[in-house]
Amino acid sequence: MTAPLTRAPATAEATADPLVELSDLTVTFPATGGAGAVRAVDGLSLTLRPGGALGIVGESGSGKSTVAATLLDLHRGTGARTEGGVRVAGTDVLAASEAELRALRGATAAMIFQDPLSSLDPYHSLGDQIAEVHRVHRPGVSRRAARARAVEVLDRVGIPDAARRARSRPHEFSGGMRQRALIAMALACEPRLIIADEPTTALDVTVQAQILDLLHTLRTETGTGLLLVTHDLGVVAGSVDEVLVMRGGRAVEHGPVAEVLGAPREPYTRELLAAVPRIGTARENPPHAGAEHTGEGRADGPARPAATVTVTDRTPDPAPDGADVAAPLLEVHGLRREFGRRGPLGTALGADRTVAVDGVSLTVAAGETLGLVGESGSGKTTLGRMLVRLLDPTDGTLRYRGRDLSALGERALRPLRSELQMVFQDPVSSLNPRRTIGESIADPLRATGGLDDATVVRRARELLDRVGLDPAWYHRYPHEFSGGQRQRVGIARALAPGPRLLVCDEPVSALDVTTQAQVMELLAELRRDLGLSVVLIAHDLAVVRAAGDRVAVMRAGRIVEEGPVDTVYDHPRHPYTQGLLAAVPVLDPREAAERRALRARA
Amino acid sequence: MTAYVLRRTGGALLVLLLLSVTVYALFYVAPGDPAKLACGPRCNAEQIAQVREQLRLGEPLPLQYLHFLQGLVAGRDYSTGTGVLHCPAPCFGLSYQNDQPVAQLLASRLPVTASLAVGAMVLWLLLGVGTGLLAALRRGGATERVLTVLTLTGTATPVFITGLLLLMIFCATLQWLPFPTYVPLTEDPEQWAWNLLLPWTTLALLESAKYARLTRSATLETLAEDHIRTFRAYGLRERRIVGRHALRGALPPVVALNAVDLGTMFGGAMLTESLFGLPGIGRLTVESVRTVDLPVVVGAVLGVGAAVVLAGAVADVLYALADRRVTLP
């Protein structure tokens with residue numbers, strides 16, 4: 001596919017040398033272990049004019065981050081083979097000497113990384129780290145002046161009380177503040193280009209909006225060029241002029257942001273756009289993302305023809321949307337959970353307690369999907385774990401089908417455990433890497449007891465089939481699967497004991513959009529066929545809109561607003577909900593600009 | 001922090017109490033008559049009975065142990081028939097050999113052991129951490145290979161062989177160094193160092209491989225972390241990245257292990273002290289075991305126990321200071 005690689009913007013700058021110029025770039029990673037050599041970037045060309053902003057969008061494995069790293073030749077010395085032309089601000093990066101490269105890194109082009117916690121040195125104060133970078137590129141500057149510069153840039157990115165906070169270490173900051181600090185480090189030497197690799201992926205939606213606004217402001221004020229790498233189409237919409245869609249190391253589509261997002265020409269771009277859950281539209285069956293086009297989809301496949309499997313001995317509750325809905329399956333009242341240390345003899349003296357969930361009451365009806373949204377730290381995961389009694393509540397009652405679970409001991413609870421199951425966020429770490437996926441699914445079946453081994457294995461295979469995986473993969477290990485497939489395994493494991501209630505804690509947040517859509521579709525289908533009640537915990541408001549019946553918005557351990565999904569999303573009453581919804585990135589660049597202006601005024 | 005120190009001290013005392021019960025029981029219940037041992041080989045039955053009376057060995061064992069504890073806290077008086085021998089707190093008893101209070105004996109040997117332990121620590125840190133760093137950064141280089149083989153050989157070879165070889169080479173053949181005798185630091189610092197150089201080297205060789213491996217793996221781990229990538233992407237020299245960022249990240253486990261090792265070393269490096277004829281705690285313990293000088297053995301074991309427990313607590317505090325993300329429970 002040959003996309004028009006250079007569009008001539010009608011500005012004077014167009015005649016200047018481009019800030020970034022990649023021509024026919026190919027990056028090959030050497031073979032490791034069993035895998036052969038991987039061509040991560042395959043003949044990519046692009047240009048970025050000074051002061052311009054380009055977004056590179058793609059799913060995981062598309063090579064977008066590799067491109068970002070190549071601009072500073074961060075692959076040097078790693079064994080990766082980089083071929084083609086890479087020019088950044090006039091420097092031929094691949095041919096540059098070590099000294100030239102060091103001069104480029106940080107001073108001419110500065111990089112902002114995805115995870116601001118791990119990207120900063122935990123042992124040194126933020127001010128010291130920024131001052132150090134500054135002094136590397138301005139050798140004449142005194143220690144004192146460099147510190148002052150650090151405080152100046154920290155203040156510039158909106159860190160309150162910057163002079164004092166410059167002495168803090170990274171772990172003493174919140175995620176958003178850390179990302180601001182990383183941006184401050186990028187600003188320290190007034191670079192001509194900022195390369196941001198997934199700068200907001202680890203952040204909450206409101207913080208994401210703040211960081212994107214900050215980047216936008218800095219760019220317009222200083223005239224710095226921006227190369228923004230992200231998997232999130234909503235993030236690029238409001239932040240860049242041009243978009244390049246990557247897939248399998250190649251450019252699929254490249255053009256002005258309004259055109260690519262508004263009127264995509266390539267089927268893959270359309271597919272990506274279609275898979276993005278919309279927050280603005282009422283609930284519908286999620287579109288079937290054309291799985292056969294994606295690398296993920298090839299192995300993952302569209303859901304197989306659903307074999308009619310009775311997962312449990314007990315038949316699903318009849319007519320989940322009938323009269324039964326009125327009787328709640330789960331009812332919690334005043335649920336509270338504290339963490340930390342108690343004072344001696346239970347006194348408050350010297351106690352160091354954090355209240356994670358602070359008096360939550362809610363109900364889940366049979367066959368209903370309740371969405372639980374909120375920012376990180378709002379207590380939604382703690383609540384979710386208490387709902388299945390993985391965590392014991394500090395206070396409050398938990399009634400499941402009329403029985404008070406909060407008073408039951410572990411032994412009395414055990415028969416009920418199989419009816420309350422959980423799907424975890426990270427499909428990588430929630431599966432034992434040393435057990436085959438079949439064994440992982442069989443474990444809960446064995447735990448229920450009373451089943452002979454042949455039955456257990458047969459059931460496990462049926463479950464694999466049920467979640468759209470090949471039963472013949474029973475003996476494979478988790479690392480052989482993609483993220484989406486692993487999450488399917490996690491779902492199969494949760495289904496194994498025949499639950500009535502499934503608490504899904506961020507089931508798709510680690511997945512690409514197209515995979516996300518497939519997994520959400522599977523959950524919807526299972527819920528329909530098995531009459532499951534689902535509690536869907538997500539920070540992504542759009543995911544809940546697409547899948548939930550009702551939604552509860554959590555903040556600081558409390559539910560601030562609750563109601564039918566459409567009501568809450570279309571007419572949010574609580575200011576916090578309104579703020580959350582306003583911060584969600586939109587795909588229309590013009591609307592994104594309008595929202596940004598609104599936020600700036602607020 | 002204060003609460004942590006208090007709790008930790010309480011725990012340490014409990015450990016030492018349990019240790020004292022075990023050791024006390026082990027030695028006093030063991031076959032052989034303590035009164036006979038205390039009195040000496042040429043005593044007649046009457047004298048032995050007298051000693052038994054003095055040491056109150058006729059009392060039931062639990063009561064004896066209580067007196068022992070009491071002595072630890074408040075000191076104890078022993079009647080010698082002609083007068084009273086006072087053993088000030090902490091009193092572990094009197095040595096069977098020369099009736100000296102055990103605590104006093106231990107205290108007189110402590111400077112020797114401390115000199116040996118601290119000096120050896122400096123050497124093993126230099127050798128171990130240096131080798132580990134080289135191994136992490138310049139894998140396969142000539143210096144790294146030589147050092148790695150040296151440290152591994154040092155650890156794999158028993159002290160009495162390493163020590164004897166060193167003595168043979170440097171004292172007997174080359175005559176560069178004196179045969180070690182202990183010279184107190186306060187008397188002559190230069191002679192103190194020259195005389196201790198070989199014992200230090202022997203111990204350092206024994207310990208260094210552990211530190212080399214730990215430093216190597218910790219440095220490699222830190223170098224693979226994201227924040228190292230950040231500083232590379234901001235144009236820092238590799239030397240500075242390693243010195244300021246990677247080594248800093250590798251340090252906490254080394255510091256923690258070192259505190260424990262030093263604590264153990266304060267119990268005396270028995271073989272090294274015996275080999276080089278250094279009158280330290282280790283040698284004292286060995287001698288006391290040989291002469292079945294039970295109070296000294298009990299005192300030495302408890303002293304070592306206290307040092308190790310203290311070192312563990314110090315290691316925890318140091319770890320928390322080295323890595324501010326760690327909070328003490």
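Note on naming: letters A, B, ... go to the chains in the order of the sequence lines (proteins, then strands), and numbering restarts at 1 for each one. Bear in mind the structure is a predicted one, so any value in this text is a computation, not a measurement.
Scanning residues 65-79 of chain A against chain B with a 4.5 Å heavy-atom cutoff picks out A:Leu72, A:Leu74, ordered by number.
Between B:His245 and A:Tyr123 the shortest side-chain heavy-atom distance does not fall below 4.5 Å. Between B:Tyr234 and A:Val136 the shortest side-chain heavy-atom distance does not fall below 4.5 Å.
For a residue to count as touching a neighbouring chain, one of its non-hydrogen atoms must lie under 4.5 Å from one of that chain's; by this rule A:Ala99 does not touch chain B. Both the backbone and the side chain of B:Arg244 have a heavy atom closer than 4.5 Å to some heavy atom of chain A. At a 4.5 Å heavy-atom cutoff, A:Asp197 makes no contact with chain B through either its backbone or its side chain. Neither the backbone nor the side chain of A:Glu172 comes within contact range of chain B; no heavy atom of the residue lies under 4.5 Å from a heavy atom of that chain.
Remark: the backbone N or O of A:Ser119 is not paired with any side-chain donor or acceptor of B:Arg229 at under 3.5 angstrom.
Heavy-atom pairs under 4.5 Å with chain B were tallied for A:His124, A:Met111, A:Glu132, A:Gln114; the largest tally goes to A:Glu132. For the options A:Gly106, A:Ser118, A:Pro191, heavy-atom pairs under 4.5 Å to chain B are most numerous at A:Ser118.
Rounding to the nearest 0.5 Å gives a distance of 7.0 Å between CE of A:Met185 and OG1 of B:Thr230.
The neighbour count for B:Arg248 CZ, taken as heavy atoms of other residues, nucleotides or ligands under 6.0 Å away, is above 12.
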Yes or no on side-chain contact (heavy atoms from CB on, under 4.5 Å) for A:Phe113 and B:Asp226, after CA distance, side-chain angles and deciding distance?
CA-CA 9 Å; A:Phe113 295 96; B:Asp226 283 351; over 6 Å; no

Run the side-chain contact (heavy atoms from CB on, under 4.5 Å) check on A:Glu98 and B:Glu238 step by step: do they pass?
CA-CA 10 Å; A:Glu98 289 290 332; B:Glu238 201 61 25; over 6 Å; no

